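Scope of the values below: all heavy atoms of this structure, side chains included, with no hydrogens, waters or symmetry mates. Since we're looking at a predicted model, the values are computed, not measured.
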Amino acid sequence: MRAAPGPDLYAMVDCNNFYASCERVFDPALEGRPVVVLSNNDGCVIARSEEAKALGIAMGEPAFRRETFFARHGVHVRSSNYALYGDMSARVAQVLESFCPDVERYSIDECFLLLRGSRLATPERLLALAAGIRRTVRRWTGIPVCVGLARTKTLAKVANRLAKRNPDCGGVRLLDDPADVEAQLARFDVGDVWGVGRRNAARLRAMGVDTALKLARLPRELTRRTLTVTGLHTVLELGRIPCISFEAAPPPAKSLVSSRSFGTRVRDLPSLEEAVSFHAQRVAEKLRSRRLVAGAVQVFIQTNPHQPDPQHSGSGCLALDAPTAHTPDIHARALRILRSVYRPGFLYQKVGILALDLTPEGRRQLCLDEPDGETRRAREALMRVLDGVNAAYGRGTLRLAASGLGKRPWHMRQAYRSPRFTTSWDELPVAR
DNA sequence: TCTGGGGTCCTAGGACCC
DNA sequence: TCTGGGGTCCTAGGACCC
């Protein structure tokens, strides 16, 4: 006789202070020290080690306001290094895949594991599995993680948070017993629930709903009305009813963006054109690397909302003649849009380009305006050369002259970046 | 003088996630 | 001087059609 299968369980594996942990793996002197990682442009704090949190440094704080504080308290500051973090993230996911075939890479620092009903499903064995995962990830990648187990993704996120908060858990927490779930939700702030953001947390609090348990008990119709169907799913998930499905593979992308704030704000059209040229190249490169083509292009520009200066934001969208990932096509459309939305006299802070209506490269529809076979082969060959040179000699080796040569005021600041230890031969760590 | 109802599609804006 | 970037989903409202 086979044992009856247990219920499916979700494990949420979340890397602790991921970016700060990545920095520590390659610079052990940071161990035990406060570490913060800054956003692109060294704008604001996007990751903190525990020691940095203990100093009262908040998530999202503008870095420039904390410079003297950082210096005074010996806070180690790093610019973000996504080449390093992305690579470390893939290594962590690989370790998880050695434990469980069903791994969803939810974000750069989180994975869901689907533990299908099995005889493993006794609390002791589940916790032992979670502890094994935690130990192995740490040993093989150097990254500390916590593991939360529950019937739904939303509760697994709660369990993960409990594992992090409570040192007695040893980094793992099973949240399955209904009485336990209820007791924990009663002490869990509604704003900490996955899917409840700042705005909705405030609305809920105004209704007297300040804990996850009160949210779980909200009548369904009222929930749907105030929080839409997404909120309803959250409520059901808190009640142990799975609504948010496991995504083995990421769904096909619908849009893709390249955007960035400027190192120095920009007033003139020629500089904006350079920046747009830069982003047009990046968008086209990203499309090609993911084997996608875009049907339309959108460009937006905006001034700095944090400044008292006159504000302007504009955006426009144009269809491409045929779905494409050809840099010059996307570039030409993007410039046209920029010129139509630009208004002189404003200090712009940011531009971005979106590629929209994405479809897989092979499956594009035939179009009357499609270039003939020979032209198309020549265009594709050109892009292959472009990508090949940039892969071999570094991004930006071969690029549009329109994106400007040399250091530009709109280039981002990145004063504290660590080396790309794991993805660039020139920046490998050296043991002396 | 009277001026419907129901359906679809698109877009902008808002909310959320990390 | 200096406040990130990259995504998704949902809804309301307008345009349009019959």
(request) Begin from the C-alpha positions of A:Arg105 and A:Ser89 and carry the test side chain to side chain donor-acceptor pair (under 3.5 Å) through to its verdict. (result) CA-CA 9 Å; A:Arg105 301 187 187 195; A:Ser89 171; 6.0 Å; no
(message) Checking A:Ser49 against A:Asn17: is there a side-chain donor and acceptor pair closer than 3.5 Å?
(response) no
(request) Could you tell me whether A:Arg91 and A:Asp87 make a salt bridge, using a distance below 4.0 angstrom between a side-chain N and a carboxylate O? (result) yes
(message) Nearest heavy atom decides the nucleotide; on that basis, is A:Arg224 or A:Thr264 closer to the 5' end of DNA chain C?
(response) A:Thr264
(message) Using a 4.0 Å heavy-atom cut-off, does A:Leu256 contact any base of the nucleic acid, only the sugar-phosphate backbone, or nothing at all?
(response) sugar-phosphate
(request) Mind checking A:Arg225 for me? I need base, sugar-phosphate or nothing, with any heavy atom below 4.0 Å counting as a touch. (result) nothing
Figure out the [atom1]/[atom2] separation between [X] and [N], and round it to whole Å.
X        : N      : atom1 : atom2 : result
A:Ile353 : C:dG6  : CD1   : C1'   : 15 Å
A:Asp357 : B:dC9  : CG    : P     : 15 Å
A:Leu356 : B:dC10 : CG    : P     : 14 Å

Report, one pair per line, the protein and nucleotides 3-5 of chain C atoms (nitrogen or oxygen only) whose separation is under 3.5 Å.
residue	atom	partner	partner atom	Å
C:dT3	OP1	A:Asn304	ND2	3.4
C:dT3	O4	A:Arg65	NH2	2.6
C:dG4	O4'	A:Ser39	OG	2.8
C:dG5	OP1	A:Ser261	N	2.5
C:dG5	OP2	A:Ser261	N	3.3
C:dG5	OP2	A:Ser261	OG	3.0
C:dG5	OP2	A:Lys350	NZ	3.3

(message) Please identify which of these residues, A:Thr211, A:Asp189, A:Asp210, meets the side-chain hydrogen bond (donor to acceptor under 3.5 Å, both in side chains) condition with A:Arg205.
(response) A:Asp189
Donor-acceptor contact present, side-chain [X] to main-chain [Y], <3.5 Å:
X        : Y        : value
A:Lys153 : A:Ser245 : yes
A:Thr303 : A:His312 : yes
A:Glu97  : A:Val103 : no
A:Glu61  : A:Val45  : no

Compute the centroid of each ring, for [X] and then for [Y], and state whether the two points are separated by less than 6.0 Å.
X        : Y        : answer
A:Trp194 : A:Phe112 : yes
A:His76  : A:Tyr416 : no
A:Tyr82  : A:Tyr19  : yes

(message) When you measure from the side-chain N and O atoms of A:Ser255 to the phosphate of C:dT8, is any distance below 4.0 Å, counting only OP1 and OP2?
(response) yes
(request) Scan nucleotides 11-18 of chain B nucleotide by nucleotide, 5' to 3', and note B when protein non-hydrogen atoms come under 4.0 Å of the base, S if they reach only the sugar-phosphate, - if neither. (result) ----SSSS
(request) For B:dT3 versus C:dC17, give the span between their P atoms, rounded off to a whole number of Å. (result) 23 Å
(request) Tell me the stems DNA chain C sits in, counting at least three consecutive Watson-Crick or G-U wobble pairs, each under 3.5 Å on both distances. (result)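 B:5-18 with C:5-18 - these are the stems of 3 or more pairs that involve DNA chain C.
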